[in-house]
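Take a look at the structure set out below.
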Amino acid sequence: AAKGVAADLRPDPEVYAELRRLALHAVRSGRKRLAIAQLVEVARWNLESAARDGDGYKLNNSYRAIWARRLMADVPELAGAFETRERTAA
């Protein structure tokens with residue numbers, strides 16, 4: 001697991017699997033850089049019936065950067081695929 005990335009901010013397992021699948025497909029198709037916002041929107045489209053979080057959102061945009069960091073930390077093939085800014089919040 002990623003150090004410094006809160007474990008409770010991983011999306012629903014079905015959503016995380018879809019984000020991972022989309023990211024790996026893009027990288028394996030030759031993409032060098034990925035946009036987590038784009039993957040989240042495609043995942044929203046693909047998983048219209050996915051479980052909602054406690055706030056009623058399927059995928060809360062507030063956590064996109066965290067998901068990108070977690071994907072890069074969890075999946076070596078995705079290391080460096082997303083551009084991230086330096087974290088300023090704990």
Side-chain angles (χ1 to χ4, degrees):
K3 287 186 177 184
V5 179
D8 61 340
L9 295 180
R10 183 184 305 254
D12 175 274
E14 180 182 14
V15 172
Y16 184 77
E18 180 67 1
L19 291 172
R20 183 179 184 278
R21 183 190 72 77
L22 291 168
L24 284 170
H25 175 74
V27 167
R28 291 173 181 165
S29 296
R31 298 277 304 273
K32 302 289 184 213
R33 303 296 287 175
L34 304 179
I36 191 65
Q38 182 180 35
L39 297 183
V40 167
E41 294 304 327
V42 173
R44 269 195 187 108
W45 179 265
N46 291 346
L47 300 172
E48 287 184 24
S49 64
R52 296 178 185 271
D53 70 12
D55 294 326
Y57 297 101
K58 291 182 186 177
L59 285 156
N60 188 324
N61 287 341
S62 299
Y63 303 131
R64 292 186 307 195
I66 292 167
W67 296 333
R69 285 183 177 90
R70 182 166 296 286
L71 284 166
M72 290 191 294
D74 289 351
V75 184
E77 195 171 346
L78 298 177
F82 298 98
E83 183 176 337
T84 58
R85 296 179 182 152
E86 186 176 332
R87 292 183 68 202
T88 56

Do D74 and R20 come within less than 4.5 Å of each other through their side chains, counting heavy atoms only?
no
CZ-CG distance between R44 and L19, expressed to the nearest 0.5 angstrom:
10.0 Å
About how many Å separate CH2 of W67 and CG of L39, when rounded to the nearest 0.5 Å?
11.5 Å
Nearest heavy-atom pair of R64 and V40: which atoms, and what distance?
CG-CG2, 3.9 Å
Closest contact, heavy atoms only, F82 versus A35
CE2-C, 4.1 Å
Heavy-atom side-chain proximity of N46 to R21 below 4.5 angstrom
yes
Results of salt bridge (Lys or Arg N to Asp or Glu O under 4.0 Å) for R31 - residues two or more places apart only
none
Would you check if M72 and L34 make a side-chain contact, meaning some heavy-atom pair closer than 4.5 Å?
no
Which atom pair, heavy atoms only, marks the closest approach of G80 to R33?
O-NH1, 2.6 Å
Looking at every heavy atom in both V27 and E77, which two are closest together, and how far apart are they?
CG1-O, 4.0 Å
Could you state the interatomic distance from OG1 (T84) to CD1 (I66), rounded to the nearest 0.5 Å?
12.0 Å
